[in-house]
Amino acid sequence: MIRVKNLTKHFGAVRAVDDVTFHVEEGEIVGFLGPNGAGKTTTLRVLTCFHPADQGSASVVGFDVFRESMQVRRNIGYLPESAPLYPEMRAREYLDFRARLHGMGRDDRHQAIKRVTEQCWLGEFIDRPIGQLSKGMRQRVGLADALVHDPKVLVLDEPTIGLDPTQIRETRHLIKELGERHTILLSSHILHEVQQICNRTIIIKNGRIVAIGSPDELRQRVSASSPLIAEIKGPAAEIKKSIAGLAGIGSIEATSTDGWNRLAVQPSGEADVREAIFKLAADQGWTMREMRREVASLEDFFVKIVAEQQAPGN
Ligand SMILES: Nc1ncnc2c1ncn2[C@@H]1O[C@H](COP(=O)(O)OP(=O)(O)O)[C@@H](O)[C@H]1O
Ligand SMILES: [Mg+2]
């Protein structure tokens with residue numbers, strides 16, 4: 001439904017999006033996760049034909065974002081980071097106005113407004129002036145706006161930002177429900193939110209994609225690259241040297257007390273090196289009293305990404 005290939009976009013000297021490639025399949029809810037300034041909005045704006053890219057290609061429902069923008073707009077519903085709503089208009093009038101911009105006739109507009117009122121749980125609020133609605137309710141009007149022409153794909157930019165906890169919970173629930181009928185790409189800087197709503201996550205940092213996968217896949221990747229702690233009795237230098245010689249070992253830090261060597265082993269890739277270490281110790285006749293993974297959570301991984309991003313001189 002969405003294909004993005006080697007997309008790059010600069011703002012002056014800033015490379016906001018850097019060689020980004022990903023796809024979203026029909027029926028998926030995909031989270032675009034990254035700290036502030038990562039390039040989420042810029043990417044979503046390219047997809048919604050808001051601005052061009054410098055390099056690469058992108059398509060939505062098979063239509064080229066750069067050459068077939070009319071068809072792309074017809075198939076995509078976009079909820080921008082801050083939706084420009086008109087406070088003096090009633091929600092119904094606003095949605096009617098927006099539907100007219102999509103070229104919809106009177107009957108179609110009437111039907112569409114009825115549909116989105118239900119889909120977005122607007123109820124009687126549809127006849128209230130937008131300025132009198134709560135922030136959460138205004139966000140639902142924004143979603144109704146994105147859905148009024150019944151697009152196949154929904155693109156939501158930080159849909160829960162600025163909402164209170166109850167509104168956040170309701171909005172997440174609503175998005176999940178919308179995901180039953182629409183393919184959704186939503187951006188967020190909150191790991192927990194993406195884990196809750198999405199089947200798959202794309203993590204972006206400094207304009208580059210650093211990881212893509214389901215929550216389980218990401219957790220596995222993160223824990224596979226977590227350090228191992230092994231405690232082995234035997235000749236310190238030889239133990240360290242032999243383990244370092246195994247495949248898939250990145251670095252080792254060793255400390256020794258009472259004849260026991262405590263080794264913190266950082267794998268170089270995602271392969272599981274525990275079996276090789278165990279076999280080595282057994283072959284050499286070294287006693288091992290512990291081997292465990294210092295399991296990093298997805299949370300740790302994401303916090304690390306954000307911290308690196310904010311480090312000075314980065
Ligand atoms: N219109 C713009 N003009 C100049 N720089 C921009 C503009 N929009 C975004 N940027 C820069 O591009 C980078 C990515 O921004 P953005 O896509 O908004 O990130 P995110 O949505 O992930 O917070 C940031 O460094 C930001 O300052
Ligand atoms: Mg943004």
Side-chain angles (χ1 to χ4, degrees), residues 2-24 29-60 65-66 69 72-73 76-85 135-136 138-139 142-143 145-146 153-163 167-168 171-172 175 184-198 200-213 218 298-299 301-314:
I2 300 177
R3 311 226 149 250
V4 173
K5 202 154 180 267
N6 306 116
L7 203 70
T8 297
K9 179 163 182 72
H10 294 81
F11 291 109
V14 176
R15 193 177 290 203
V17 176
D18 188 0
D19 199 25
V20 159
T21 299
F22 67 89
H23 59 90
V24 178
I29 305 183
V30 172
F32 205 38
L33 178 68
N36 286 334
K40 303 181 295 294
T41 298
T42 306
T43 306
L44 300 186
R45 282 182 172 168
V46 170
L47 284 176
T48 52
C49 308
F50 186 90
H51 54 201
D54 302 328
Q55 274 164 50
S57 59
S59 69
V60 175
V65 164
F66 307 115
S69 61
V72 169
R73 287 201 179 97
I76 210 166
Y78 178 38
L79 178 72
E81 223 168 345
S82 49
L85 302 171
K135 233 175 163 180
R138 279 208 295 274
Q139 193 66 326
L143 277 168
D145 175 13
V153 176
L154 272 182
V155 171
L156 315 175
D157 198 358
E158 307 251 9
T160 64
I161 209 162
L163 303 183
Q167 295 165 344
I168 288 175
T171 305
R172 289 177 185 166
I175 292 168
I184 299 180
L185 175 62
L186 72 93
S187 78
S188 177
H189 64 285
I190 305 162
L191 173 68
H192 173 68
E193 170 162 291
V194 166
Q195 281 182 302
Q196 218 174 45
I197 310 177
C198 304
R200 216 149 57 81
T201 304
I202 300 165
I203 303 182
I204 183 171
K205 169 196 164 185
N206 286 337
R208 297 192 74 104
I209 289 178
V210 293
I212 300 185
L218 290 178
L298 205 48
E299 193 85 43
F301 177 63
F302 191 60
V303 165
K304 202 172 134 216
I305 285 178
V306 176
E308 280 170 8
Q309 178 108 357
Q310 286 167 345
N314 221 332

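Keep in mind it's a predicted model, so treat the numbers as computed, not measured. Order of appearance sets the numbers: ligands from 1, and atoms from 1 within every ligand.
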Taking every non-hydrogen atom, the tightest pair across Glu81 and Ile161: O-CG2, 4.5 Å

Any side-chain donor near an acceptor of the partner, Glu193 and Thr160, under 3.5 Å: yes

Set of residues that line ligand 1, where lining means a heavy atom lies under 4.0 Å from it: Phe11, Val14, Ala16, Pro35, Asn36, Gly37, Ala38, Gly39, Lys40, Thr41, Thr42

Any donor-acceptor N/O pair, Asp18 side chain to Gly207 backbone, under 3.5 Å: no

Atoms named by residue and atom, protein N, O or S, within reach of the Mg ion (ligand 2) (under 2.8 Å): Thr41 OG1

For Arg3, all residues meeting salt bridge (Lys or Arg N to Asp or Glu O under 4.0 Å), sequence neighbours excluded: Glu25

side-chain contact (heavy atoms from CB on, under 4.5 Å) assessment of Ile203 paired with Leu218: CA-CA 10 Å; Ile203 303 182; Leu218 290 178; 4.2 Å; yes

Listed partners of Arg200 passing salt bridge (Lys or Arg N to Asp or Glu O under 4.0 Å), at least two apart: Glu28

Donor + acceptor pair across side chains of Thr8, Asp19 (<3.5 Å): no

Test applied, side chain to side chain contact (heavy atoms under 4.5 Å, CB included); reference residue, Phe32; option that passes from Leu186, Thr43, Asp157, Val194: Thr43

Step-by-step ring-ring contact (aromatic ring centres under 6.0 Å, His included) determination, Phe50 to Tyr78: CA-CA 10 Å; Phe50 186 90; Tyr78 178 38; 7.2 Å; no

